[in-house]
Amino acid sequence: MPHENPAAPLLQLRDARIAYGQIQAVKGIDLELFSGELVSLIGANGAGKTTTLNAIAGTLQLSGGELSYAGSAIAGMPAHKRLRAGIALVPEGRGIFTRLTVEENLRMGAYTRSDKAEIEADLERVYEMLPRVRERLPQVAGTLSGGEQQMVAIGRALLSRPKLLLLDEPSMGLAPLIVEKIFEVIQIVIKQGVTVLLVEQNANLALGFSNRAYVMESGKITLSGSGQDLLHDPKVRSAYLGEAA
Amino acid sequence: MNDISQAIPFLGKRNPKAALFALVVIALVSPVVAAMFGNTWVRILNFAMLYILLSIGLNLVVGFAGLLDLGYIAFYAVGAYTWAFLASPHFGLHLPFWIVLPLGAGFAALAGIALGFPTLRLRGDYLAIVTLGFGEIVRIFMNNLTHPVNITNGPQGIDQIDGMSLFGLDLNRGLQITEGFQVKSLFLYYYVFLAFVVLAVILVKRIQVSRIGRAWAAIRDDELAAKAIGINTRNLKLLAFAMGATFGGVSGGLFGAFQGFVSPESFTLMESIAILTMIVFGGMGNLAGVIVGALALSFLPEVLRYIALPVQMAIFGKVFLDPEVLRMLLLSLAMILMMLLKPAGLVPAQSRYSKADLLGDKEIAQ
């Protein structure tokens, strides 16, 4: 058991590169996450945000560089093992199981666990956090609204008891009021001690909530800093918040 | 069996116990009824049982795991040829049922994994094309493995295959009960096939509500999300291929023993498509639906054969449409109508995967 230094990052990417065949999508990035943080990764379409997230979750593999989690190198570890180690991904476009019911979707989140009593307790906690979801337990998940589906996807990820939650554009395609709700949920998750890495296009909202943030542009990290600093950075404001510089 | 008996119209939902009883009676009595119309109909019934087994197997792959397989008949071929190799004068081997059938199932499972490995990253149309190719490759091998050593005997096929022999009872000879009363070989095969179908149904229902079944449902709905909740998608997809193939191998072995003759002609692409059609027609992902579909589509062409010819002769005095042509025509028409009227099949799949609901232990709350 390696000694866990509280100051050591929970997750660390060093010179991480990711390629789809010949195309380099991520061209060597450094990224760190500390326990209990909410960090967001913002940037334009095609900047490599989702790719980075998938590489951390293990659904994609690095083509170069290092990835360490809780002190050990995990590059090359398959996705299902990373989940057992505590890295849970809520994929882009929600990725719920449309033909299963809401309850089955949530229970699938505990697929890797066998502690029945604890699972029931966790389910109860998720229901409390997401009252809308509780009302819809027997409903087929494909018939839910976008916001509800997103809630189910987050709830499902929480049922694996993650240490690190990776959220891929949870606000995509949702009405502002629903997006606010989702961010409330994220706040609760953070309070429970889960570290969150958030990929967002809605930079204004993401930066406002984040401890720190990274800005990605064509496969590279161009800026990083605290959420508030970046929110007031003129370059960020002109590039991502639609303001003339 | 409950939800299968519930698929019986009118009776099923209102009186499940009576429906179950009716199902058992129908299953047991049908060969006797069929025999009244001639032994041909008992043979057709036997083949329908084999088609049910095949459909249940393909449904594991297509309906549960969502992997579109257009070469499924290849596994049937593997099972049938295994039986033909190991229990016929072709190689002079006459191994018993208990060895040959598991071997056939095993070889088919291996073939399933062999097909699964290179196709792990493929889905949908692309997977369909590769599996289609695989089915054809197997058939072409069976056609051509005659040089330098004659393995498959090419297009002539292998004949004089041993029948099945269970507990010292040779199914090909029939069972002499008293001097004047004999249970015919055809009937014996029917009941053996029926036993295999019942076994398959029980097995598949258990699988569906197990961790494996739920993982397949997850992969079918969203593979990335399935990975993200900790499912080893690679192994589970291979398992789906292997298990589906096992069912194909078993029914292939039964086919070889029953028919006494196998040739590549029985394992064409049309057969793969026919089985897929049965699943889609009946209700993909639902066991009851799959069985209904397999039954309906194995009887329809035969009924046509016996009705279309005399009817045309009576009305026009000559035959305009060959039953085979008519069969494809009507099948297509049936499929089009199904897609328009009941796109989820005759008996649509349930959406719930909870143990209680699927095993029929609990009334489904309305």
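Only this structure's heavy atoms are used, side chains among them; waters, hydrogens and symmetry mates stay out. Order of the sequence lines fixes the chain letters, A, B, ..., with proteins taken first and strands second; residue numbering starts at 1 for each chain.
With a threshold of 4.5 angstrom between heavy atoms, A/R82 does not approach chain B through any atom at all. Residue contact with chain B, scored on non-hydrogen atoms closer than 4.5 Å, involves the backbone of A/I96 exclusively. Heavy-atom distances place no part of A/S160 under 4.5 Å from chain B, backbone and side chain included.
Residues B/A217 and A/L100 share a closest heavy-atom pair of CB-CD2, 3.9 Å. For the residue pair B/I229 and A/G109, the shortest heavy atom distance occurs at CG2-CA, 4.3 Å. B/A225 and A/P91 make their closest contact through CA-CG, 4.0 Å (heavy atoms, listed as atom of the first residue, atom of the second, distance).
To the nearest 0.5 Å, the span separating CG on B/N232 from OG1 on A/T112 amounts to 12.0 Å. Here B/K227 contributes atom NZ and A/L60 contributes atom CG; the two are 8.0 Å apart, rounded to the nearest 0.5 Å. Distance check: B/D221 CG to A/M108 CE gives 9.5 Å after rounding to the nearest 0.5 Å.
In this structure, B/Y126 places its OH atom where only 12 or fewer heavy-atom neighbours from other residues, nucleotides or ligands lie under 6.0 Å away. Within a 6.0 Å sphere centred on CZ of A/R14, other residues, nucleotides and ligands contribute 12 heavy atoms or fewer. Applying the 6.0 Å contact sphere to CZ of A/R134 captures more than 12 heavy atoms from other residues, nucleotides or ligands.
For the set A/T59, A/L83, A/N54, the entry with the most heavy-atom pairs within less than 4.5 Å of chain B is A/L83.
Remark: B/R214 fails to qualify as a cation-pi partner of A/Y111 under the 6.0 Å distance and 45° angle criteria applied to the six-membered ring.
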